[in-house]
Every structure is written in C-alpha cells, then in structure tokens.
Trainee: 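Dumping the structure here so I can ask a few things about it.
Heavy-atom basis, side chains included; hydrogens, waters and symmetry copies ignored. Just so it is clear, the model here is predicted, and its values are computed rather than measured.
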Amino acid sequence: MGAKVSTVMSSRGASNRRGPPTDHAGPAAGRERRLDIHVVVSESGGLVTGRAWERCVWRDARVLIAECPAPQLPVSVESALRTVAADVARDRGWQGMGTVAFALDDRSGVFRVISAQAQAHSGAAVDDCEPVAAHALEVRIDGCVDRRLPCTRLLVCGATRGEVLRRAYRALSEMPGPAGVDRAFLMNRIASRAYCSGLTGTRLDQAVG
C-alpha cells in the first residue's frame with residue numbers, strides 16, 4: 001500500500017482548520033486509523049520526527065491504548081507522514097516540540113492532517129513521547145466506569161510487539177487500584193486474537209464486537 005495525501009495543510013491551512021483535541025479524540029468514522037507524529041525543532045533549527053504512534057483502542061472518544069510503532073503500518077506510509085509532519089512544523093515556525101495528527105484510510109492509503117499543535121516544552125521532551133525500546137504500548141485507565149477517578153498511565157516497553165503485549169497484560173492483571181471493569185475491558189482487547197494480529201481502532205471493534 002502506497003501513501004496518498006488527500007489533505008496536506010500549509011501553515012495557513014493548519015492555523016485555520018480546527019481539529020479535535022489530540023488527547024481525547026478517536027479516529028474518524030469508517031476504517032480510518034488515527035496516527036500521531038511527534039516533531040522536535042531545536043534552537044539551532046535542527047528538526048527530528050519520531051515514529052508513528054497509533055491511537056489503537058478508545059471508548060467514548062477517550063483513547064485508552066496507544067502503540068508505537070503503529071501495527072502493520074507500511075514503511076512508505078510512515079515515511080510520508082513524517083515528511084508531512086516536518087513540513088507542517090517548518091511552515092508554522094515551531095520551536096521545541098509539537099504533534100501532527102493524521103487520519104489514514106486503511107484501504108486506500110489516503111491520509112489527511114487532522115490537527116497540528118505545538119507544545120510549550122523544550123526539545124528534550126521528545127524523550128517523554130518516544131519509546132525507549134523497539135516497541136512501546138501506553139495504556140490509560142481514566143474513567144470508563146467513573147470519570148471522576150484520576151487517570152492511570154502505564155507505559156510498557158520491549159524488544160518485540162508480542163513481548164510488550166504479554167507484559168502489558170500481566171501488568172494490568174497485577175495493578176492495584178483501577179476499576180475492575182476498566183481493567184477487564186483493556187485486558188480483553190490486548191489479549192484478543194484480532195488485536196494480536198494487528199487490527200486497531202474501528203477495525204478492532206468490528207472484529208471483537
């Protein structure tokens with residue numbers, strides 16, 4: 001599958017078009033996938049783009065599982081996303097860190113920019129957003145049952161995706177505190193054959209019901 005750009009916004013477009021907040025918005029309807037590229041621009045003008053993070057599992061428009069690198073994302077597509085993210089950062093004159101969010105149609109390879117947001121952090125903050133190992137999974141337990149509860153964030157890293165999924169499942173089973181229903185829902189998703197095979201987002205919901 002090659003990458004096809006349906007909407008790439010310049011600085012003017014990125015400034016004028018509003019997108020949903022990156023932290024809480026799920027993918028668009030249909031078979032679209034939601035992917036984030038982190039960009040860091042140093043004071044000297046050097047620019048670095050990170051690997052694609054995918055918002056893999058969500059509930060009531062709240063992202064519960066994000067994964068890097070995105071499962072079964074072709075190298076050509078990720079390369080195109082990183083190039084576009086770098087262009088957006090340059091066009092908008094970013095300094096420090098920012099995130100460019102994309103929606104990707106999994107069937108056609110067409111993607112579009114949803115939002116582009118600079119963050120008030122230094123370039124060193126990229127360490128907080130990039131995996132420290134070959135694969136990373138971030139799990140958020142933040143109120144599927146009770147929205148008043150504080151968000152619990154679990155970051156699991158490993159050499160392979162299989163290793164990370166096993167570690168995340170075990171960590172969730174042993175973690176004290178989070179509501180049982182939340183934990184059961186996430187463990188069910190992580191252990192499902194569909195998720196283990198690489199299905200994410202709407203595609204995963206359709207597979208596991």
Side-chain angles (χ1 to χ4, degrees), residues 1-41 47-94 96-119 126 129-131 134-138 140 161 189 194-208:
M1 179 178 67
K4 303 174 184 177
V5 181
S6 64
T7 304
V8 178
M9 298 176 292
S10 66
S11 58
R12 170 174 290 186
S15 298
N16 292 339
R17 179 171 177 172
R18 294 181 179 272
T22 303
D23 283 345
H24 300 293
R31 293 173 59 90
E32 287 189 331
R33 302 169 65 178
R34 181 67 180 274
L35 301 148
D36 290 345
I37 301 291
H38 300 299
V39 183
V40 174
V41 183
L47 187 148
V48 177
T49 57
R51 299 294 306 273
W53 279 87
E54 179 162 6
R55 308 291 175 131
C56 295
V57 175
W58 66 92
R59 205 180 199 191
D60 297 331
R62 290 182 178 270
V63 177
L64 302 181
I65 298 178
E67 186 172 348
C68 181
Q72 299 183 0
L73 182 67
V75 174
S76 61
V77 175
E78 185 178 49
S79 177
L81 296 179
R82 294 174 73 170
T83 297
V84 172
D87 289 342
V88 170
R90 291 190 186 96
D91 286 350
R92 300 189 71 171
W94 282 358
M97 185 174 173
T99 301
V100 182
F102 298 88
L104 167 70
D105 187 298
D106 196 52
R107 293 164 294 187
S108 65
V110 173
F111 63 84
R112 68 181 188 277
V113 175
I114 294 179
S115 66
Q117 300 177 356
Q119 299 177 17
V126 71
C129 298
E130 293 305 306
H135 209 95
L137 193 77
E138 182 187 24
R140 299 181 182 181
R161 185 172 192 258
R189 285 298 189 268
Y195 188 74
C196 290
S197 70
L199 291 183
T200 57
T202 304
R203 302 174 305 158
L204 177 64
D205 286 343
Q206 292 170 347
V208 300

Trainee: With no hydrogens and no angle check, is any side-chain donor or acceptor of Arg189 less than 3.5 Å from a backbone partner on Ile65?
Mentor: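 Not at all, since once roles are kept as given, no pair shorter than 3.5 Å links the two residues.
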Trainee: Checking Arg55 side chain against Arg34 main chain: does a donor-acceptor pair fall under 3.5 Å?
Mentor: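 Side chain of Arg55 to backbone of Arg34: no pair is present.
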Trainee: Please step through side-chain contact (heavy atoms from CB on, under 4.5 Å) for the pair Leu81 and Leu104, ending with a clear verdict.
Mentor: CA-CA 10 Å; Leu81 296 179; Leu104 167 70; 5.7 Å; no
Trainee: Taking the side chain as C-beta and beyond, is there a heavy-atom pair between Phe102 and Val77 under 4.5 Å?
Mentor: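 No. Closest side-chain heavy atoms not under 4.5 Å.
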Trainee: Taking all atoms of both residues into account, what is the closest heavy-atom pair of Arg92 and Ala116, and its distance?
Mentor: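 Shortest heavy-atom contact: NH1-O, 2.7 Å.
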Trainee: Might you point out which heavy atoms bring Cys56 and Glu67 nearest each other, and give the distance in Å?
Mentor: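 Closest heavy-atom pair between Cys56 and Glu67: SG-CB, 3.6 Å.
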Trainee: In Å and rounded to the nearest 0.5 Å, what is the CG to CD distance from Leu64 to Glu138?
Mentor: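 The CG atom of Leu64 sits 10.5 Å away from the CD atom of Glu138.
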Trainee: If we only count heavy atoms from C-beta on, is the Phe111 to Val84 side-chain gap below 4.5 Å?
Mentor: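 Side chain of Phe111 against side chain of Val84, heavy atoms only: contact under 4.5 Å found.
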Trainee: Check whether any side-chain heavy atom of Arg203 lies under 4.5 Å from a side-chain heavy atom of Asp106, and answer yes or no.
Mentor: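 Yes. Closest side-chain heavy atoms under 4.5 Å.
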Trainee: If you compare all heavy atoms of Ala70 against all heavy atoms of Leu35, which two are closest, and at what distance to 0.1 Å?
Mentor: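 What the structure gives for the nearest pair is CB-CD2, 3.5 Å.
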Trainee: Rounded at 0.5 Å granularity, tell me how far CZ in Arg140 sits from CH2 in Trp58.
Mentor: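 Going from CZ on Arg140 over to CH2 on Trp58, the span is 14.0 Å.
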Trainee: Do any N or O atoms from the side chain of Arg82 and from the backbone of Gly50 form a donor-acceptor pair under 3.5 angstrom?
Mentor: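 Looks like yes, one N/O pair under 3.5 Å.
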Trainee: What closest approach, in Å, do Ala52 and Cys68 show between heavy atoms, and which atom pair accounts for it?
Mentor: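 Heavy atoms of Ala52 and Cys68 come nearest at O-SG, 3.7 Å.
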Trainee: Mind checking the CZ-CD spacing from Arg107 to Glu32? Nearest 0.5 Å is all I need.
Mentor: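 Reported value, rounded in 0.5 Å steps: 8.5 Å.
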Trainee: Which heavy atom of Ala194 sits nearest to which heavy atom of Ala207, and what is that distance?
Mentor: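 Closest approach of Ala194 to Ala207, heavy atoms only: CB-CB, 3.6 Å.
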Trainee: Could you walk me through whether Arg90 and Leu47 satisfy the side-chain contact (heavy atoms from CB on, under 4.5 Å) test, starting with their C-alpha distance in whole Å, then the side-chain angles of each, then the deciding distance to 0.1 Å, before giving a yes or no?
Mentor: CA-CA 9 Å; Arg90 291 190 186 96; Leu47 187 148; 3.9 Å; yes
Trainee: Against the six-membered ring of Tyr195, is Arg161 placed for a cation-pi contact (under 6.0 Å from the centre, within 45° of the normal)?
Mentor: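 Geometry flag: set, cation within 6.0 Å and 45°.
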Trainee: Could you check if a side-chain atom of Val88 sits within less than 4.5 angstrom of a side-chain atom of Val39, using non-hydrogen atoms only?
Mentor: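 They are not in side-chain contact.
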Trainee: Please check this pair: side chain of Gln72 against backbone of Ser197, looking for a donor-acceptor N/O pair closer than 3.5 Å.
Mentor: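 Indeed, once roles are kept as given, a pair shorter than 3.5 Å links the two residues.
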